[in-house]
Amino acid sequence: MKHYQYRIKGEPVVIHAVEHTEDLDGFRTFVRRNLKCLSADSETTGLDTYSATNRLRLVQFGTPAEAWVIPVEHGGEFAEDVRRTLRAVKRMVIHNASFDLQVWDRHLGVRLEELWPKVLDTKVLSHLIDPRGQDEGGTGQSLEALTARYIDSQTADEAKGLMTRLAKEHKTTKNRIWSLIDVDHPDYVLYAGMDTILAARLARMLAPLVPVSARPLIRYEHEVAEACSVMERNGFLLDVDYALGLSARLQGEEQAAREIAAGLGCDNANSTEQVANALEARGVTISGRTEKGKRKVDKVLLERLAGQGDELARAVIDAKKAAKWRSTWVDKFLANMDSDGRCHASINSLRARTARMSITGIPAQTLPSGDWKIRRCFVADVGHLIASVDYQTQELRVLAALSKDRRMRAAFAAGADLHQITADAAEVARGVGKATNFTYVYGGGAKAVAETAGVPVAVARKVIAGFEKSYPQVAGYSLRLQHIAARQGYITTPTGRRLPVDRSRAYSALNYMVQSTSRDVTCRGILRLYKGGYGPYLRLPIHDEVVASIPAHKSAWGAAEIGHLMAEDMDGVHIGTDPEVTGFSWGHGYMDEEERLLHVR
DNA sequence: TCGTGACGCACC
DNA sequence: AAACGGTGCGTCACGA
């Protein structure tokens with residue numbers, strides 16, 4: 001048994017490090033005394049919870065003044081005591097609970113469903129107080145930044161410095177120190193214990209700072225996080241043979257393209273500088289410049305040159321694409337999969353300033369959609385099919401509900417084609433109307449519309465004017481939001497969420513409102529699915545879409561049920577869904593008929 | 001050898 | 001007067 005003293009702004013705190021089973025008596029007394037509420041945290045060998053080599057090393061429990069660190073790595077009675085404690089505590093404060101709950105689920109066998117209902121996640125509180133990141137003028141959501149802002153900057157620095165110093169001492173990197181450091185190293189134990197003390201203090205500090213309007217969101221965001229953590233635990237089955245084949249093919253394509261590029265004077269197609277030099281050596285003039293004044297060599301330029309017959313441009317495009325597809329997607333899937341061949345995404349259910357989610361691990365939000373080959377890597381469970389259900393023009397319907405624009409609402413009620421209406425108002429093609437609708441909601445002007453729709457700026461101006469004439473109350477709504485934002489620095493969504501709006505970019509208020517409210521539509525749908533027993537079938541949420549793996553023998557029924565549960569009326573505007581059973585792989589939804597016939601299981 | 005900024009590119 | 005919102009990630013180039 002060891003005890004470490006530390007001071008936070010002069011106040012003494014103590015960290016008890018359990019070493020022997022006899023030490024557990026003191027720990028049990030501590031738990032009994034604080035059964036009502038404890039903070040908790042864990043230290044693992046890494047963030048890859050589902051990999052075969054990942055281990056749980058420490059579990060820590062704390063109060064604002066005291067922490068106990070249990071070396072669960074030793075197993076036996078230590079692990080058993082932690083299990084009992086996790087189950088017995090009435091309320092648990094955790095910073096980013098999704099991570100720890102999955103760790104305990106995987107390594108201790110305590111199901112995350114059992115623990116989520118009693119968790120208070122300080123990261124959730126922090127986001128509801130200020131969703132901005134550190135580089136956006138906010139505090140960010142990291143424990144370190146929150147400690148510096150709300151508790152004590154010196155403590156934050158010292159806690160952070162501990163592990164950096166340990167890594168240096170052990171001549172290793174910050175990423176590797178977690179698995180190498182002795183489980184009873186004083187600095188490691190101090191660091192581990194401090195985190196729970198800080199989380200316990202943060203909970204007290206942050207809870208009263210959540211705006212009254214956002215209080216109901218506390219429960220709701222914990223439930224959304226729970227549903228997402230179940231999806232993470234489920235994982236998405238990888239078609240290993242297909243992925244290996246695709247990887248090999250991409251490697252061959254990249255190699256071939258690189259050889260051509262090298263023959264034409266460019267050794268590294270990934271280096272914009274080298275490509276620019278090689279192109280100029282061939283007599284190409286590069287007029288575009290980046291923000292920092294460098295020669296701009298992007299896909300637009302390269303495609304144009306390739307279209308004119310430039311072989312180097314073509315080779316560079318091919319080499320870059322094959323390399324990116326292999327390294328960013330396929331090889332990453334193969335590296336990430338667990339021993340059952342499943343990939344576990346990491347879903348940050350409350351991420352952006354607008355509360356939009358982000359997904360890493362499987363970067364599901366950014367997989368190519370124009371080509372099925374990458375998504376084809378992911379398949380339904382045995383005996384299942386993939387169902388994909390998305391909302392129909394979610395953001396525009398949300399805009400109709402929010403702005404109360406009579407004509408937009410009437411158009412949706414009548415089942416009219418909003419993109420066509422916008423197009424007709426300016427007598428342009430439907431595609432131009434569609435691009436304008438989206439770009440307008442993104443806060444774009446004539447220049448942006450011209451860019452995305454591929455029309456001259458003069459035409460873009462006309463289409464925007466047509467949009468505003470078609471839906472006169474939308475522009476008024478945008479202005480009202482801008483005024484509110486200018487007055488108080490933030491706007492409040494229908495769910496009570498505060499969205500800070502930078503005064504220099506007041507025009508983005510409309511987009512923030514629509515994006516955030518749409519996110520909440522999807523989240524409510526996810527919660528209905530989760531509470532309706534669909535948790536085991538859910539795979540990924542992607543903005544306005546949910547992907548699921550459902551038993552094949554009732555897949556059509558299942559997809560329709562999912563669509564039903566997700567659909568909702570918002571202030572009289574129906575936000576409906578398009579359920580689709582794609583096939584045995586996710587990619588099947590992006591194939592044509594002929595391709596589907598070639599890909600059978 | 002590491003961390004970081006710039007760039008480009010994938011998506012809704 | 002006009003205003004492109006929100007993400008993740010790989011590579012290169014550079015400085016500590």
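Each chain gets a letter, A, B and so on, in the order the sequences are listed, and its residues count up from 1. Quantities reported herein were computed from a predicted structural model and do not represent experimental measurements.
- What separates CZ of A:R289 from C1' of B:dA6 is a distance of 16 Å, to the nearest Å.
- The existence of a salt bridge linking A:D310 and A:R314 is excluded, since no basic side-chain nitrogen approaches an acidic carboxylate oxygen closer than 4.0 Å.
- The side-chain contact (heavy atoms from CB on, under 4.5 Å) test applied to A:Q102 returns A:Y50, A:S98, A:L112, A:S229, A:E232, A:R233, not counting sequence neighbours.
- Reading DNA chain C from its 5' end, the first and the last nucleotide to sit under 4.0 Å from a heavy atom of chain A are C:dA3 to C:dA13.
- Counting any heavy atom pair closer than 4.0 Å across all strands shown, A:Y512 reaches sugar-phosphate atoms only and no base atom.
- Nucleic acid contact class of A:T439 (heavy atoms, under 4.0 Å, all strands): none.
- Here A:S271 pairs with A:N268, A:E273, A:Q274 under the side-chain contact (heavy atoms from CB on, under 4.5 Å) rule; sequence neighbours left out.
- Applying the side-chain hydrogen bond (donor to acceptor under 3.5 Å, both in side chains) definition to pairs two or more places apart or across chains, those involving residues 505-518 of chain A are A:T354-A:Q515.
- Across all strands, A:A446 comes closer than 4.0 Å only to sugar-phosphate atoms, never to a base (heavy-atom distances).
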For residues 136-143 of chain A, which side-chain donor-acceptor pairs fall under 3.5 Å, sequence neighbours excluded?
from, atom 1, to, atom 2, distance (Å)
A:E136, OE1, A:G133, N, 2.8
A:Q141, OE1, A:S126, OG, 2.8
A:S142, OG, A:A145, N, 3.0

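- In summary, the aromatic rings of A:F438 and A:H419 are positioned with their centroids under 6.0 Å apart.
- Take the nearest nucleotide of DNA chain C for A:I362 and for A:A352: the residue whose nucleotide is more 5' is A:A352.
- Among the heavy atoms of the strands lying under 4.0 Å from A:T452 is at least one base atom, whether or not backbone atoms are also near.
- The ring of A:W178 has its center closer than 6.0 angstrom to the ring center of A:Y191.
- Remark on DNA chain C: of its neighbouring residues A:T354 and A:S504, the 5'-side contact belongs to A:S504, judged by nearest-heavy-atom nucleotide.
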In 5'-to-3' order, the base (B), backbone-only (S) or no-contact (-) status of each nucleotide in nucleotides 7-12 of chain B, using a 4.0 angstrom heavy-atom cut-off, is SBBBBB

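- Nucleic acid contact class of A:R326 (heavy atoms, under 4.0 Å, all strands): none.
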* Determine, step by step, whether A:D130 and A:R132 satisfy the salt bridge (charged side-chain N to carboxylate O under 4.0 Å, His left out) criterion, reporting the C-alpha distance in whole Å, the side-chain angles of both residues, the deciding distance to 0.1 Å, and the verdict. => CA-CA 6 Å; A:D130 184 351; A:R132 293 173 302 173; 3.0 Å; yes

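- A salt bridge is defined here as a Lys NZ or Arg NE, NH1 or NH2 lying under 4.0 Å from an Asp or Glu carboxylate O, and A:D371 with A:K373 meets this definition.
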